[in-house]
Amino acid sequence: MIDADQLALGMSIAGLLICLANLGYMHIQGYTDKTNNRLFLVMLYLLTINTVCGIVLPLTNTEKLTSDSIAFIHNLFRYIYFLTHTALSPLFFFYTASIIGRSLVENKTRAVLKAIPFFVTEILVIINPLTHFVYTIDDQMAFHRNWGEALIYAAAVFYFVMIIILILFSWKVLTKKKKTTLILCFFIVTVGVLIQLFIPWLRVEVLFEAIGFTGTMVSLENEDDRMNASVGVYNRAAFGVDLEAALQNYKKLYMLVIRITNLDAITRMLGRRRMIYAHLLVSNYLKTVVPRYSIYSTNPGAFVLLLYHKNEEETDEIAHNIDNKFREPWIVGESEVPLSVVLMRTELPEKVKTVGSALYMADAPLPPDLDKTILEDDDLQFLLRRADVERAISRGLTEHSFEVYYQPTYYADGTLHGAEALLRMHDNKLGDIYPDEFIPLTEQMGLIDAVDDFVLREVCRFIRSGIPQDKGMDVINVNLSMMQCMKKGFAEHINSIVEREGVEKSFINFEITESVAATDYKLLGNVVHDLKKEGFLFSLDDYGTGFSNMNAVFSMNFDIIKIDKSILWAAEKSETGAIILENSVRMLSQMGKKILVEGVETEEQLELLRKLGVDFVQGYLFSKPIPEKEFIERIF
């Protein structure tokens with residue numbers, strides 16, 4: 001026959017060992033500063049006390065009738081058990097609310113109302129020695145349940161229902177990991193409660209709770225996957241999860257982004273390892289300003305602070321204190337290191353409504369002409385504009401926002417030579433967006449391949465129409481981006497597109513800017529060689545604006561060298577400029593290169609270029625870039 005006391009003793013010892021292991025792990029990890037950490041520790045300590053009571057009660061059960069002191073100890077530990085165990089269900093509710101992000105956002109009145117069942121049941125237990133509302137111990141030391149215990153179970157059911165409601169209403173906020181863990185823990189604890197309710201002698205409730213809390217600790221309280229180990233604060237993934245919960249739950253909070261603007265220079269000066277140490281110094285300083293759980297490292301050189309329960313004046317003071325700290329040099333080893341920063345302060349969710357928008361502040365390139373170190377309100381319009389343009393680019397191909405314009409090129413005698421294909425963008429919401437704005441963003445978003453392929457197909461379609469050939473055009477120029485040229489298999493990809501379109505390859509002249517040509521001579525030289533072998537032509541664009549190795553660039557055998565408009569315009573303003581233009585044309589001619597000069601806007605400039613013997617000209621004197629239909633009308 002099963003000895004109920006021995007069974008209860010074994011269950012309690014097992015529960016105690018689990019609780020002690022969990023407590024040791026929590027304190028070793030050191031993550032005890034967040035609200036959910038503290039609530040979890042309180043529950044673990046209460047559960048540990050429960051298991052101790054569960055050990056003492058069966059050990060004293062047989063001797064309580066023979067010794068008054070043992071009877072006193074037995075009754076005392078039973079009282080402690082009820083006092084501590086009654087608090088577990090409401091604490092688990094408030095712990096769940098904290099994990100979800102709701103615990104700190106409610107007003108005090110609602111929080112107090114939800115805590116009323118907890119207060120009532122605790123008071124019933126506290127006064128039980130006088131009232132015996134919860135349980136009674138008769139003269140034979142027998143235990144009898146009273147209506148108060150039923151009320152305790154009713155309160156537990158109330159909080160369990162509230163937990164279910166919390167999880168359901170926060171379903172979109174919760175990660176899969178949190179959902180699974182909370183539901184599993186809730187299920188295990190509920191099973192333990194029901195078993196002990198209907199089979200009182202099978203005292204498994206505390207053990208089931210210890211098992212459920214262990215799973216919670218391993219899954220939710222272990223924050224290793226949320227931490228940036230090198231600097232000891234939360235990582236980018238944790239920022240996304242926490243900010244999503246904050247946007248769902250908080251009516252108002254502030255975000256402060258800290259961007260180290262001279263990161264590359266300092267890294268070169270210190271080396272990567274010492275730069276990591278510098279980041280650690282910064283994170284340690286930030287921990288003295290705000291709680292650790294408010295700090296995130298989203299990128300190298302970028303920290304984000306989520307400032308809960310702070311008003312505008314308080315967040316402004318924090319920003320200025322941090323700014324003043326960075327005005328002083330940081331001591332890294334034996335070196336004094338100047339870390340320059342820009343701080344961006346904004347309000348959520350009024351001005352930043354999504355995680356993506358918030359990350360723009362941590363990721364987006366900063367304007368080069370900033371005249372202040374703390375940006376807020378109107379100062380941050382460039383970020384909002386960037387976000388709008390990125391959304392426009394994302395929908396651009398499906399909504400047909402992109403269009404290819406053509407700017408004609410001419411022989412120096414005024415005869416039509418060809419045209420340059422230039423991409424333009426017309427968004428339904430933002431209107432016209434200039435290439436200088438959308439092209440760099442398209443590259444950063446990884447969409448440049450799709451956009452450049454669109455341009456090439458449009459050019460092929462226009463060539464296939466036969467109109468360029470009928471009007472005596474020799475070539476259409478297509479710009480290549482650096483990101484395109486450097487990708488493996490690029491030449492094969494381009495060749496396959498043109499072959500599918502069925503147009504003559506020699507009618508397409510790819511333009512590569514001088515800065516692109518200087519990035520990787522060997523790789524780019526292979527691309528140029530492979531495509532020229534297929535029949536394509538190549539031009540070097542923006543000649544005179546870069547710092548390329550002349551021998552390496554010209555070894556790529558470009559068909560045309562396009563002299564940048566700045567050299568032509570400088571030739572009109574100074575004798576030095578005229579000398580540079582004249583000698584550039586002479587040198588290129590001696591090398592056997594065809595020459596095209598951009599930016600021709602006046603008859604005087606055209607006459608100058610004719611005298612110098614350039615081959616082709618392009619500029620507003622003839623036409624600005626215009627849509628295909630208008631271009632066709634112009635050349636007919």
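- Atom CG of residue Leu23 and atom CD1 of residue Ile28 lie 11.0 Å apart, to the nearest 0.5 angstrom.
- Salt bridge absent: Asp264 and Arg268 never bring a charged side-chain N and a carboxylate O closer than 4.0 Å.
- Taking CD1 of Ile116 as the start and CG of Leu113 as the end, the distance is 5.0 Å to the nearest 0.5 Å.
- Between atom CZ of residue Phe160 and atom OG1 of residue Thr96 there is a gap of 9.5 Å, rounded to the nearest 0.5 Å.
- Applying the ring-ring contact (aromatic ring centres under 6.0 Å, His included) rule to Tyr254 yields no partners; only residues at least two apart in sequence or on another chain are considered.
- Residue Leu441 holds its CG atom at 5.0 Å from CD1 of Ile393, rounded to the nearest 0.5 Å.
- For the pair Asn324 (side chain) and His320 (backbone), a donor-acceptor distance under 3.5 Å is present.
- Using cut-offs of 30° and 60° for the angle between ring planes, the His85 and Tyr81 rings count as parallel.
- Between Tyr296 and Val233 the shortest side-chain heavy-atom distance does not fall below 4.5 Å.
- How far CG of Leu307 is from NZ of Lys252: 12.5 Å, rounded to the nearest 0.5 Å.
- Arg391 and Asp388 are joined by a salt bridge, as a carboxylate oxygen and a charged side-chain nitrogen come within less than 4.0 angstrom of each other.
- For the pair Asp363 and Arg236, the salt-bridge criterion is met [side-chain N within less than 4.0 Å of a carboxylate O].
- When atom types are taken as modelled, the side chain of Asn228 and the backbone of Tyr234 share no donor-acceptor pair closer than 3.5 angstrom.
- Tyr293 and Asp242 share no donor-acceptor pair across their side chains, judged by distance under 3.5 Å alone.
- Within a 6.0 Å sphere centred on CG of Asp68, heavy atoms belonging to other residues, nucleotides or ligands number 12 at most.
- Within the 4.5 Å cutoff, the side chain of Leu343 has no heavy atoms near those of the Val257 side chain.
- Checked by atom type and distance alone, the side chain of Asp316 never pairs as donor or acceptor with a backbone atom of Glu312 at under 3.5 Å.
- A search for ring-ring contact (aromatic ring centres under 6.0 Å, His included) contacts involving Tyr277 returns nothing, not counting sequence neighbours.
- The shortest non-hydrogen separation linking Pro338 to Ile266 is O-CD1, 3.5 Å.
- Side-chain contact between Arg345 and Met255 is absent, with no heavy-atom pair separated by less than 4.5 Å.
- At distances below 3.5 Å, not a single donor-acceptor pair connects side-chain atoms of Lys310 with backbone N or O atoms of Leu253.
- Taking each heavy atom of His279 and Gly301 in turn, the nearest pair found is NE2-N, 2.9 Å.
- Closest approach of Thr121 and Ala155 over heavy atoms only: CG2-CB, 3.7 Å.
- Ile276 and Ser230 get closest at one heavy-atom pair: CG2-CB, 3.9 Å.
- In this structure the side chain of Asn128 never reaches within 4.5 angstrom of the side chain of Leu83, judged on heavy atoms.
- Looking at heavy atoms from C-beta onward, Val289 lies in side-chain contact with Ile318 at the 4.5 angstrom threshold.
- A side-chain donor from one of Ser335 and Arg274 sits under 3.5 Å from a side-chain acceptor of the other.
- A 4.5 Å side-chain heavy-atom check between Leu44 and Tyr25 finds every atom pair outside the cut-off.
- By the 6.0 Å and 45° rule, Lys114 does not stack over the aromatic ring of Phe93.
- Atom CZ of Phe187 is surrounded by 12 or fewer heavy atoms from other residues, nucleotides or ligands within 6.0 Å.
- Partners of Tyr45 according to the ring-ring contact (aromatic ring centres under 6.0 Å, His included) rule, which considers only residues two or more places apart in sequence or in another chain, do not exist here.
- Taking the six-membered ring for Trp, Tyr159 and Phe92 have ring centres at least 6.0 Å apart.
- Side chains of Thr60 and His74: a donor-acceptor N/O pair is present below 3.5 angstrom, by distance only.
- Within the 4.5 Å cutoff, the side chain of Val134 has heavy atoms near those of the Phe82 side chain.
- Looking at every heavy atom in both residues, Ala210 comes nearest to Thr214 through O-OG1, 2.8 Å.
- In summary, the aromatic rings of Phe143 and Tyr135 are positioned with their centroids under 6.0 Å apart.
- In this structure, Glu350 contributes its side chain and Glu347 its backbone to no donor-acceptor pair below 3.5 Å.
- The shortest side-chain heavy-atom distance between Val42 and Leu46 falls under the 4.5 Å cut-off.
- The existence of a salt bridge linking Glu149 and Arg145 is confirmed by a sub-4.0 Å separation between a basic side-chain nitrogen and an acidic carboxylate oxygen.
- In this structure a side-chain-to-backbone donor-acceptor pair under 3.5 Å is missing from Ser89 to Ala156.
- Between Thr298 and Ala362, the shortest heavy-atom contact is OG1-CB, 3.4 Å.
- Of the residues listed (Ile55, Val206, Leu207, Leu47), the one engaging Leu16 in a side chain to side chain contact (heavy atoms under 4.5 Å, CB included) is Ile55, and it is the only one.
- Ring planes of Tyr95 and Phe40: tilted class, angle from 30 to 60°.
- For the residue pair His132 / Asn146, no side-chain donor-acceptor distance below 3.5 Å is found, with atom types taken as modelled.
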